[in-house]
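Let me begin by presenting the structure, written as structure tokens, before commenting on it.
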Number of protein chains: 2
Amino acid sequence: MQAIDFYKALSDDTRLRCLLLLQQQGELCVCEFIEALELSQPKISRHLALLKKQNLVVTRKQGQWVFYSINNELPLWCLSTIKLTLENQLDYIQNNVTLLEAMGDRPSRKQLCC
Amino acid sequence: MQAIDFYKALSDDTRLRCLLLLQQQGELCVCEFIEALELSQPKISRHLALLKKQNLVVTRKQGQWVFYSINNELPLWCLSTIKLTLENQLDYIQNNVTLLEAMGDRPSRKQLCC
DNA sequence: ATCATATATATGATTTTTCATATATACAAG
DNA sequence: CTTGTATATATGAAAAATCATATATATGAT
């Protein structure tokens with residue numbers, strides 16, 4: 001992972017919020033991002049696609065939903081940076097978290113293992 | 001310092017190299033960046049001005065030269081991120097360091113203190 | 001006048017956004 | 001089991017916005 005690509009991925013408001021939400025929440029699907037960020041579906045999908053292309057996130061498909069989470073095989077310095085950023089920028093996503101928690105009918109997560 | 005502004009500042013090749021060089025070298029003037037990055041003077045000046053506007057770097061004027069260094073009053077998480085990036089991306093600026101060290105007539109630094 | 005640096009403006013390139021549409025799954029009625 | 005319809009997500013293409021670069025010019029020190 002080249003630093004310049006990593007920072008370009010983080011340098012957009014939508015992508016940064018998505019990543020920090022994932023760091024905090026673990027796993028989220030597209031419709032949850034739409035509610036939490038109050039943005040259009042194509043806009044969210046596009047930015048998530050970009051994060052995926054850079055291998056910052058991975059996806060898991062469950063029925064009609066696609067769940068995104070941070071790729072835990074990223075270099076340690078990338079994972080550390082994301083973690084450090086969240087710890088110091090909780091205010092930045094506070095409103096998004098509130099919206100997410102207020103969301104009705106959130107899709108249920110199947111257990112990942114047996 | 002907002003994370004988004006910090007990452008936008010880092011998300012350009014020229015600015016990232018400048019910052020990492022400063023992290024490693026401590027203090028550099030515009031003419032040294034020109035040699036190390038092999039870029040035009042206005043291009044360097046413009047990017048340094050941007051870093052200064054975001055308070056990532058500070059300047060010290062000495063005669064005809066302007067020396068840039070990382071603003072050590074930045075939030076710790078920013079300083080840590082820059083440090084961590086350099087440690088993991090030494091290759092990225094290796095060629096720039098070589099060019100810098102090969103530079104003739106580098107301006108002398110006055111002692112900063114008594 | 002010369003050297004080092006900064007800035008204004010115009011142009012080109014890249015990125016982001018939007019709209020329309022496509023695909024894939026789900027679910028209910030016949 | 002098919003047909004129709006709704007929901008979730010992705011993507012192509014065009015428009016809009018942002019960002020980077022080059023050239024020319026300005027400032028300030030020696």
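The model shown is predicted, which means the values in this text are computed figures rather than measured ones.
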Check: D/dG12 pairs with which nucleotide, Watson-Crick or G-U wobble, both distances below 3.5 Å?
Finding: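 C/dC19 - that is the nucleotide pairing with D/dG12, both distances being under 3.5 Å.
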Item checked: Most 5' of A/Gln64 and A/Ala49 on DNA chain D, judged by nearest nucleotide -> A/Gln64
Notebook entry, point to check: Do A/Glu27 and A/Arg60 sit within salt-bridge range, that is, some charged N less than 4.0 Å from a carboxylate O?
Noted result: yes
Margin query: Check whether A/Ser11 reaches the backbone of A/Lys8 with its side chain - one donor and one acceptor, N or O, closer than 3.5 Å.
Written below: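 Present.
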Notebook entry, point to check: Does anything in residues 24-57 of chain B pair up under ring-ring contact (aromatic ring centres under 6.0 Å, His included), and if so which pairs, sequence neighbours excluded?
Noted result: none
What is the distance from [atom1] of [X] to [atom2] of [N], rounded to the nearest Å?
X: A/Leu39; N: C/dT17; atom1: CG; atom2: P; answer: 8 Å
X: A/Trp65; N: D/dA6; atom1: CH2; atom2: P; answer: 18 Å
X: A/Leu10; N: C/dT15; atom1: CG; atom2: P; answer: 15 Å

Using the 3.5 Å cut-off, write out each protein N or O paired with an N or O of nucleotides 15-26 of chain D and the distance between them.
from   : atom 1 : to      : atom 2 : distance (Å)
D/dA20 : OP1    : B/Asp12 : OD1    : 3.2
D/dA20 : OP1    : B/Arg15 : NH2    : 3.3
D/dT21 : OP1    : B/Lys43 : NZ     : 2.8
D/dT21 : OP2    : B/His47 : NE2    : 2.9
D/dT21 : O4     : B/Arg46 : NH2    : 3.2

Next item on the list: Taking all heavy atoms of A/Leu79 and all of A/Leu74, pick out the closest pair and write down the distance.
Entry: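 Where A/Leu79 meets A/Leu74 most closely, the heavy atoms are CD1-O, 3.6 Å.
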Next item on the list: Heavy atoms only: give me the nearest A/Asn71-A/Asn55 pair and the separation to one decimal.
Entry: ND2-O, 3.0 Å
Notebook entry, point to check: Rounded to the nearest 0.5 Å, how far does SG of B/Cys31 lie from CE of B/Met103?
Noted result: 4.5 Å
Next item on the list: Have a look at A/Tyr68 and say if it touches a base, only the backbone sugar-phosphate, or nothing, with a 4.0 Å heavy-atom cut-off.
Entry: sugar-phosphate
